[in-house]
Amino acid sequence: MQKGFTYVKPISLSEALQHLNTNDVIVISGGTDIMIQLRYKSISPTKLVDVKDLEELKLIEEKGNTIYIGGAATFSQIVENDIIKNNFPTLVEAAQEVGGPQIRNVGTLAGNVQTASPAGDGLLALCALDATVELVSEKGSREVSIRDFVIGPKKTIKRHDEIIKCFKVKKQDWDYEKFFKVGKRNALAISIVNGIIKINFNEDETIKEARVVLGAVGPTPKRLERAEKYLVGKTCQEETIEELKSIVSNDISPISDIRGSSEYRKHIAAVNCGRYIKLAKGGM
Ligand SMILES: Cc1cc2nc3c(=O)[nH]c(=O)nc-3n(C[C@H](O)[C@H](O)[C@H](O)COP(=O)(O)OP(=O)(O)OC[C@H]3O[C@@H](n4cnc5c(N)ncnc54)[C@H](O)[C@@H]3O)c2cc1C
């Protein structure tokens, strides 16, 4: 039988941090992942510390060249926020594709990142933005690149006494950027593969810079650096696309699971990268 736990709802970040003194005390935000874990008894906390309404964690603000996105920002908040809409369209697209409206209204970006699912849509978008994670504890704060923060499925380097306060993202300019997600259904589906393509062009229509990041093709979202390098100097023509598809499928080793086989994932990852590079030309 599962032991009982207490539930607390602190009114400030500093009060929340005081509760995190042992590793069986767990932070809860929207609860969309935690409630499932409690139900299936894969966690047995002694206390849940609810941080979802802490003002310090909900802020979305612009300071100079950096945008701060509070850890407790919900997907709905991200979709509606003008700062995010004006700067990070692929984060908006990813947030729009998470679950259904009920999940988006309560599910948070920090919860998505800390859950560290290889298919996490918010996690993928933040990886493609090279976000920095700001963690706070009673001992102070530290900043970690999101790539170093997530180390495997359901694994991050967050200590039990830390809370994700916010994500810091530098403003960036891309001529074309696109989030895509392949799931079993159009709505409420976890990705079989998700990805983000970003392109900057030279004046002569050759590619100046590319970013290709895929999710659900390995333990953590994967940046395809060989594909990115290959694209530089190329135009979005058929032979570029065919070679890109071959690089993508060679450079990923997805697992087979109930959502899709390894071969299917390789195929749809390659096809979608090719499709969106082709569309990038028209998006200039
Ligand atoms: C029906 C359904 C559909 C879904 N569809 C999708 C989907 O399409 N795409 C997708 O990516 N995900 C999907 N999810 C997963 C889920 O909604 C997300 O992972 C969500 O973002 C988790 O956020 P939360 O606030 O609910 O986290 P919680 O469940 O509250 O917490 C999740 C984890 O994060 C930790 N945590 C939460 N906030 C903080 C913080 N500020 N600091 C430190 N640790 C913290 C918790 O301790 C816990 O370990 C779906 C879930 C359901 C139930």
Side-chain angles (χ1 to χ4, degrees), residues 5 7 9-10 13 16-17 19-20 23-40 42-45 47-59 69-79 91 93-127 133-137 141-142 144 146 149-150 153-167 179-196 215-216 220-221 259:
F5 55 83
Y7 166 87
K9 191 160 184 196
L13 182 54
L17 291 171
H19 286 282
L20 303 180
N23 60 8
D24 52 11
V25 177
I26 295 181
V27 170
I28 182 168
S29 289
T32 60
D33 285 324
I34 285 189
M35 296 313 284
I36 294 170
Q37 292 167 359
L38 285 171
R39 183 163 183 172
Y40 289 101
S42 55
I43 54 170
S44 45
K47 194 191 281 183
L48 291 181
V49 182
D50 188 338
V51 298
K52 72 171 169 298
D53 291 326
L54 294 180
E55 278 310 311
E56 299 101 312
L57 266 57
K58 290 197 84 69
L59 286 178
I69 311 171
T74 63
F75 293 109
S76 296
Q77 200 185 339
I78 286 162
V79 168
L91 178 57
E93 285 182 280
Q96 268 164 340
E97 294 284 332
V98 172
Q102 294 94 333
I103 297 293
R104 291 195 289 275
N105 285 342
V106 292
T108 64
L109 210 48
N112 197 254
V113 168
Q114 180 58 25
T115 289
S117 158
D121 294 312
L123 172 61
L124 176 85
L126 287 174
C127 286
V133 185
E134 184 180 338
L135 297 149
V136 288
S137 71
S141 67
R142 62 177 176 140
V144 188
I146 193 150
F149 183 72
V150 179
K154 301 186 186 162
K155 284 199 193 107
T156 73
I157 60 163
K158 187 184 86 63
R159 300 192 312 256
H160 75 81
D161 63 340
E162 288 178 313
I163 288 178
I164 299 172
K165 183 178 178 201
C166 69
F167 301 98
F179 165 86
F180 67 83
K181 170 167 175 169
V182 181
K184 286 210 162 169
R185 311 180 288 254
N186 285 337
L188 277 172
I190 305 290
S191 303
I192 300 173
V193 166
N194 53 3
I196 287 180
T220 59
R259 284 194 281 277

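Counting starts at 1 for both ligands and their atoms, in listed order.
One option in Val51, Asp121, Asn112 has a heavy atom closer to atom 12 (N) of ligand 1 than any other, and that option is Asn112. The residue from Thr108, Thr156, Val98, Val136 that puts a heavy atom closest to atom 25 (O) of ligand 1 is Thr108.
By the 4.0 Å heavy-atom criterion, Gly120 is counted among the residues contacting ligand 1. Taking 4.0 Å as the cut-off, Ala110 counts as a neighbour of ligand 1 on heavy-atom distance. In this structure, Glu97 is part of the shell of residues with a heavy atom less than 4.0 angstrom from ligand 1. Using a 4.0 angstrom heavy-atom cutoff, Lys165 does not count as in contact with ligand 1. Under the 4.0 angstrom criterion for non-hydrogen atoms, Gln37 is not in contact with ligand 1. Ligand 1 lies within reach of Ile36, whose nearest heavy atom is under 4.0 Å from it.
When all heavy atoms are compared, the tightest approach of Lys181 to Glu97 is NZ-O, 2.9 Å.
Side-chain contact annotation: Gln114 with Thr156, donor-acceptor N/O pair under 3.5 Å present.
Per-residue contacts place Gly30 under 4.0 angstrom from the following atoms of ligand 1 (heavy atoms of the residue considered): 24 (P), 25 (O), 26 (O), 30 (O). Close contacts between ligand 1 and Gln114 involve ligand atoms 34 (O), 35 (C), 44 (N), 49 (O) [criterion: under 4.0 Å to a heavy atom]. Residue Thr32 approaches ligand 1 through these ligand atoms, each under 4.0 Å from one of its heavy atoms: 16 (C), 17 (O), 18 (C), 20 (C), 22 (C), 23 (O), 24 (P), 26 (O), 29 (O), 53 (C).
Of all the heavy atoms of Ile28, the ones lying under 4.0 Å from any atom of ligand 1 are found in both the backbone and the side chain.
Panel note: side chain Lys58, backbone Ala72; a donor-acceptor pair is recorded below 3.5 Å. One N or O on the side chain of Asn112 and one on the backbone of Gly122 form a donor-acceptor pair closer than 3.5 Å.
Looking only at side-chain heavy atoms (C-beta outward), Ser42 and Ile36 stay at 4.5 Å or farther from each other.
Annotation: Gly99 places an N or O atom under 3.5 Å from an N or O atom of ligand 1; distance criterion only.
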